Visitor: 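Submitted below is the structure of interest, expressed as structure tokens.
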Amino acid sequence: MARPMHRGSSGARISGGSNDFWDSQMKDKTDKEDLDRRASSDQNSFAFRIPVRLLLGENSPSKQGVGENGFASEPLLAVTPRSRHKLTLLLLKLSLVLIVIFALTGSFWWTISISTTSRGHIYHGYRRLQQELVSDLWHIGELSLGSSRLKDLDFCPQEFENHVPCFNVSENLALGLSDGNEYDRNCGQAMRQNCLVLPPVNYKIPLRWPTGKDVIWSTNVKLTAQEVLSSGSMTKRMMMLEEDQISFRSASLMFDGVEDYSHQIAEMIGLRNESNFIQAGVRTILDIGCGYGSFGAHLFSKQLLTMCIANYEASGSQVQLTLERGLPAMIGSFTSKQLPYPSLSFDMLHCARCGIDWEQRDGIFLIEVDRLLKPGGYFVWTSPITNAQTFLRNKVNKKRWDIVHDFAENLCWEMLSQQDETVIWKKTSKRNCYSSRKSGSGPSLCSKGHDIESPYYRPLQACIGGTQSRRWIPIEQRTTWPSRANLNKSELAIYGLHQQELAEDAETWKMAVRNYWSLLSPLIFSDHPKRPGDEDPSPPYNMLRNVLDMNARFGGLNSALLEAGKSVWVMNVVPTNGPNYLPLILDRGFVGVLHDWCEPFPTYPRTYDMVHAQGLLSVETDQQRRCTILDLFTEIDRLLRPEGWVIIHDKASLIESARALTTGLKWDARVVEIESNSDEKLLICQKPFFKKQAN
């Protein structure tokens with residue numbers, strides 16, 4: 001288990017190395033001991049001592065006693081009233097003379113010593129005093145609020161163990177929703193539960209990548225042996241259930257291996273093998289109804305990034321198992337709403353027995369596929385319906401196939417190949433194809449008002465979108481991966497950015513990643529971490545695999561982690577109430593999604609190893625308060641794996657406010673100062689591993 005952190009603010013600074021951090025820790029420890037000794041002498045007066053001293057000073061008359069005439073009393077001095085009066089007058093005159101002398105002398109030296117430099121020191125000194133006063137009053141305020149402010153949150157009931165807010169199939173069925181609409185996301189009436197979700201009994205920390213890609217602990221997910229053998233996606237069955245583990249394999253007794261399958265797809269496109277996908281302009285793939293992620297797991301070794309989406313499932317979830325393997329996934333449905341991705345997002349869409357009836361609802365699901373595909377992108381569909389050899393004896397399948405085939409043609413898709421149960425179409429790279437169609441032969445183009453580039457769960461549209469976008473660039477004309485991560489001058493101009501801006505952002509994030517690793521290495525992870533008793537793992541093992549960036553901006557953290565050789569993938573989230581650079585992130589060859597952080601994220605509990613947020617608190621607090629920081633933090637806790645890490649970078653005042661809440665969440669937390677920016681701080685937290693006892 002990772003070494004626990006000590007609660008409290010360390011005052012550590014991020015600089016070029018890690019020595020400053022540990023030196024400051026030792027200093028903090030000494031300071032803390034001194035403060036503890038002082039505090040123990042007078043606990044009852046702590047809440048009032050600081051403001052009183054600020055107003056009266058250390059040697060105020062209140063400490064000495066006051067006589068009737070207003071001066072300090074001298075009870076041991078025996079004098080007559082007359083002599084006392086003379087003595088008082090003499091002392092008063094002498095005091096006035098001394099005050100005048102000191103005032104004139106001080107004024108003289110102040111006048112001749114002040115300069116531009118000293119003015120700066122005075123200003124900064126005054127500013128420091130202000131900050132210390134605010135900090136002191138903040139702590140006093142915390143104490144005055146009592147135990148209710150710092151009360152620990154309760155643990156959620158057991159039924160929340162795998163609960164995903166906004167997805168309630170039984171409630172949707174009770175409302176009369178059907179035909180797949182019962183799987184829709186509905187956050188309108190979702191009640192927030194500010195409680196902490198416990199892991200299942202016998203939960204174990206996932207195995208390190210890449211071993212964890214092929215073997216997961218069966219107790220970490222909700223899955224039965226029957227569900228392993230149940231019908232569904234082709235790649236869903238490529239797994240074995242053993243004692244306390246689930247192992248995935250690329251070969252199956254019922255199907256060809258996923259390696260042969262992906263090789264077949266490459267050949268149907270006209271490539272030698274799947275290793276040539278990159279050269280054909282393919283980098284990002286949306287896998288619909290992905291099974292348990294075996295297709296994406298295989299292609300990851302080919303530098304392809306596959307995002308799995310599937311309906312919410314209370315048990316045997318495709319998304320939950322895929323994420324447990326360390327592969328990108330989220331809950332998403334084609335049923336009635338557009339997915340929260342921009343138009344022209346992916347190089348390929350893949351559906352292997354994904355359960356979608358593409359011929360239904362006048363082809364509206366295929367229109368959404370077209371919206372998501374980049375120009376020149378590929379749609380791969382594997383289904384018994386596409387097998388021409390069965391058409392003679394199955395007229396229903398033949399009819400369904402004809403509907404899909406004709407509609408794809410009206411979308412300006414070119415059918416490249418049809419082999420066994422797999423067919424591949426290529427989206428047109430030419431916009432003028434749509435105007436050359438026969439009148440009334442297919443869906444119309446969306447008007448400018450309806451062609452929204454980044455919809456957020458908007459109802460499915462019956463018109464073709466993305467055709468008016470400045471991002472209409474065929475995948476063959478884009479730079480191949482990994483050069484694609486650095487967009488060229490003309491591509492950046494679409495977003496109003498210059499290459500210098502992206503270069504500066506990249507350098508900033510490279511330094512940030514180095515500092516994160518330097519800061520956290522002694523506590524949890526390095527490039528080759530191990531647990532007590534474990535042997536040293538071989539590269540490229542890494543304790544971090546699934547990373548969530550809650551305010552990704554240009555995707556700089558993602559880029560820096562990959563450049564540093566970290567074996568991670570990043571879910572780049574762009575908040576709906578901030579600047580929308582999600583199209584840029586996807587054009588760089590990363591994956592991401594649009595999301596409103598006042599709503600639960602569409603994934604299962606215990607999904608991510610690390611959650612990162614830079615400037616998110618500022619973005620949320622600048623808007624109308626629809627949710628609180630506590631709401632945000634309880635959602636982070638739900639998403640985070642036990643022993644997972646949170647890094648929040650924001651304004652110092654917001655970090656201090658956030659730090660006060662971590663006690664109730666039972667997080668180990670530390671506030672870290674940033675040497676180059678005194679107005680901002682880091683909050684580093686770790687979620688403890690609370691084990692549930694079996695009944």
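Position 1 is the first residue of the sequence; numbering continues from there. Since this is a predicted model, take the numbers as computed values, not measurements.
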Visitor: Could you check if a side-chain atom of Pro165 sits within less than 4.5 angstrom of a side-chain atom of Arg638, using non-hydrogen atoms only?
Guide: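 Contact flag for Pro165/Arg638 side chains = yes.
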Visitor: Which residues satisfy the ring-ring contact (aromatic ring centres under 6.0 Å, His included) test with Phe277, sequence neighbours excluded?
Guide: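 By the ring-ring contact (aromatic ring centres under 6.0 Å, His included) rule, Phe277 matches no residue at all.
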Visitor: Under the salt bridge (charged side-chain N to carboxylate O under 4.0 Å, His left out) rule, what pairs show up with a residue in residues 485-496, not counting sequence neighbours?
Guide: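 Those involving residues 485-496 are Arg478-Glu491.
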Visitor: Side-chain contact, heavy-atom cut-off 4.5 Å: Glu635 with Glu599?
Guide: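 Side chain of Glu635 against side chain of Glu599, heavy atoms only: no contact under 4.5 Å found.
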Visitor: So, using ring-ring contact (aromatic ring centres under 6.0 Å, His included) as the criterion, who are the partners of Tyr456 when residues are at least two apart?
Guide: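 Here no residue qualifies.
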Visitor: To the nearest 0.5 Å, what is the distance between CG (Asn486) and CZ (Arg588)?
Guide: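 Spacing of CG (Asn486) from CZ (Arg588) equals 6.5 Å.
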Visitor: Of all residues at least two apart in sequence or in a different chain, which pass the side-chain contact (heavy atoms from CB on, under 4.5 Å) check with Leu616?
Guide: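 For Leu616, the residues satisfying side-chain contact (heavy atoms from CB on, under 4.5 Å) (neighbours in sequence not counted) are Met550, Asn551, Pro575, Trp597, Ala613, Glu620, Leu632.
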Visitor: Is a donor from one side chain sitting under 3.5 angstrom from an acceptor on the other, for Asn580 and Ser454?
Guide: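 Note: Asn580 and Ser454 side chains meet the donor-acceptor criterion.
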Visitor: How long is the gap from CE on Met330 to OG1 on Thr322, to the nearest 0.5 Å?
Guide: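 The distance works out to 13.0 Å.
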Visitor: Has Glu368 got a side-chain atom pairing as donor or acceptor with Leu339's backbone, closer than 3.5 angstrom?
Guide: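 Looks like yes, one N/O pair under 3.5 Å.
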Visitor: Can you check whether Ile278 reaches Lys302 side chain to side chain, under 4.5 Å on heavy atoms?
Guide: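 SC-SC contact between Ile278 and Lys302 ruled out.
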Visitor: Assess, by modelled atom type and distance only, whether the side chains of Asp631 and Thr628 contain a donor and an acceptor separated by less than 3.5 Å.
Guide: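 There is such a pair (donor and acceptor under 3.5 Å, judged by atom type) between the side chains of Asp631 and Thr628.
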Visitor: Could you tell me whether a side-chain N or O of Ser345 sits under 3.5 Å from a main-chain N or O of Pro342, the two making a donor and an acceptor?
Guide: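 Indeed, once roles are kept as given, a pair shorter than 3.5 Å links the two residues.
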Visitor: Can you tell if the side chain of Cys290 reaches within under 4.5 Å of the side chain of Ile309, non-hydrogen atoms only?
Guide: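 SC-SC contact between Cys290 and Ile309 ruled out.
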Visitor: Please check: side-chain N/O of Trp645 versus main-chain N/O of Glu643, any donor-acceptor pairing under 3.5 Å?
Guide: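 Pair found, side chain donor or acceptor close to backbone of Glu643.
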Visitor: State, without any angle test, whether Arg659 and Thr662 hold a side-chain donor-acceptor pair at a distance under 3.5 Å.
Guide: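 Distance-only check passes for Arg659 and Thr662.
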Visitor: Distance alone, cut at 3.5 Å: any donor-acceptor contact between the side chains of Asn577 and Asp596?
Guide: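 Not at all, the side chains of Asn577 and Asp596 share no donor-acceptor pair under 3.5 Å.
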Visitor: Using ring-ring contact (aromatic ring centres under 6.0 Å, His included) as the criterion, list what pairs up with His298, not counting sequence neighbours.
Guide: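 In terms of ring-ring contact (aromatic ring centres under 6.0 Å, His included), with neighbours along the sequence ignored, His298 is linked to no residue.
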Visitor: Given side chains that start at C-beta, do those of Tyr516 and Leu682 come closer than 4.5 Å, heavy atoms only?
Guide: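 Contact flag for Tyr516/Leu682 side chains = yes.
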Visitor: After noting the C-alpha distance and the side-chain angles of His612 and Trp509, does the key distance pass the ring-ring contact (aromatic ring centres under 6.0 Å, His included) rule?
Guide: CA-CA 12 Å; His612 176 270; Trp509 281 109; 5.4 Å; yes
Visitor: Are side-chain heavy atoms of Ile585 and Phe554 found at a separation under 4.5 Å?
Guide: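 Ile585 does not reach Phe554 side chain to side chain.
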Visitor: Kindly write out the residues that satisfy side chain to side chain donor-acceptor pair (under 3.5 Å) with Thr603, not counting sequence neighbours, or none if the list is empty.
Guide: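 With sequence neighbours excluded, Thr603 shows a side chain to side chain donor-acceptor pair (under 3.5 Å) to Thr607, given in chain and number order.
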Visitor: Using a strict cut-off of less than 4.0 Å between a Lys/Arg side-chain nitrogen and an Asp/Glu carboxylate oxygen, indicate whether Arg641 and Asp609 qualify as a salt bridge.
Guide: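 Salt bridge: yes.
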Visitor: Can you classify the ring geometry of Phe300 versus Trp209 as parallel (below 30°), tilted (30 to 60°) or perpendicular (above 60°)?
Guide: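 Rings of Phe300 and Trp209: perpendicular, over 60°.
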Visitor: When rounded to the nearest 0.5 angstrom, what is the spacing between CG in Leu327 and CZ in Arg545?
Guide: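 The CG atom of Leu327 sits 6.5 Å away from the CZ atom of Arg545.
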Visitor: Got a sec, which residues hit side-chain contact (heavy atoms from CB on, under 4.5 Å) with Ser653, two or more places apart in sequence or on another chain?
Guide: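 By the side-chain contact (heavy atoms from CB on, under 4.5 Å) rule, Ser653 matches Lys651.
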Visitor: Is the side chain of Asp347 donor-acceptor paired with the backbone N or O of Thr284 at a distance under 3.5 Å, no angle test?
Guide: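 Yes, because the side chain of Asp347 sits within donor-acceptor range (under 3.5 Å) of the backbone of Thr284.
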Visitor: Would you say Thr467 and Trp472 make side-chain contact, with heavy atoms under 4.5 Å?
Guide: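 In short, these two side chains touch, coming nearer than 4.5 Å.
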Visitor: Mind checking side chain to side chain donor-acceptor pair (under 3.5 Å) for Asp637 and listing every partner two or more places apart, or none if nothing turns up?
Guide: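 Partners of Asp637 under the side chain to side chain donor-acceptor pair (under 3.5 Å) test: Trp667.
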Visitor: Can you find a side-chain donor-acceptor pair between Asn572 and Asn558 that sits under 3.5 Å?
Guide: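 Note: Asn572 and Asn558 side chains meet the donor-acceptor criterion.
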Visitor: Any side chain to side chain donor-acceptor pair (under 3.5 Å) involving residues 493-503? Give me the pairs, sequence neighbours left out, ordered by first then second residue.
Guide: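 Checked against side chain to side chain donor-acceptor pair (under 3.5 Å) - neighbours excluded - the pairs reaching residues 493-503 are Arg471-Tyr495, Tyr495-Asp587, Gln500-Glu504.
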Visitor: Counting C-beta onward and ignoring hydrogens, is there a side-chain heavy-atom pair between Ile473 and Leu344 closer than 4.5 Å?
Guide: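 Answer no - side chains too far apart.
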Visitor: What residues, two or more places apart in sequence or in another chain, satisfy ring-ring contact (aromatic ring centres under 6.0 Å, His included) together with Tyr457?
Guide: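 If we apply the ring-ring contact (aromatic ring centres under 6.0 Å, His included) test to Tyr457, skipping adjacent residues, there are no hits.
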Visitor: Check side-chain contact (heavy atoms from CB on, under 4.5 Å) between Leu640 and all other residues, then give those that pass, not counting sequence neighbours.
Guide: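 Partners of Leu640 by the side-chain contact (heavy atoms from CB on, under 4.5 Å) criterion, ordered by chain and then number, come out as Val611, Val646, Lys687.
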Visitor: How close do Pro199 and Arg606 get, heavy atom to heavy atom, and via which atoms?
Guide: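 Shortest heavy-atom contact: CB-CD, 3.8 Å.
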Visitor: Once side-chain contact (heavy atoms from CB on, under 4.5 Å) is applied, do any residues pair with Glu476, and if so which ones, sequence neighbours excluded?
Guide: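 side-chain contact (heavy atoms from CB on, under 4.5 Å) list for Glu476, sorted by chain: Lys426, Ser429, Pro474.
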Visitor: Does the Lys337 side chain pair with the main chain of Arg185, one donor and one acceptor, at a distance under 3.5 Å?
Guide: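 A pair under 3.5 Å: yes.
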Visitor: From Leu654 CG over to Ile629 CD1, what is the distance, rounded to the nearest 0.5 angstrom?
Guide: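 The CD1 atom of Ile629 is 6.0 Å from CG of Leu654, to the nearest 0.5 Å.
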Visitor: Which atom pair, heavy atoms only, marks the closest approach of Val574 to Tyr581?
Guide: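 That closest heavy-atom pairing would be CG1-N, 4.2 Å.
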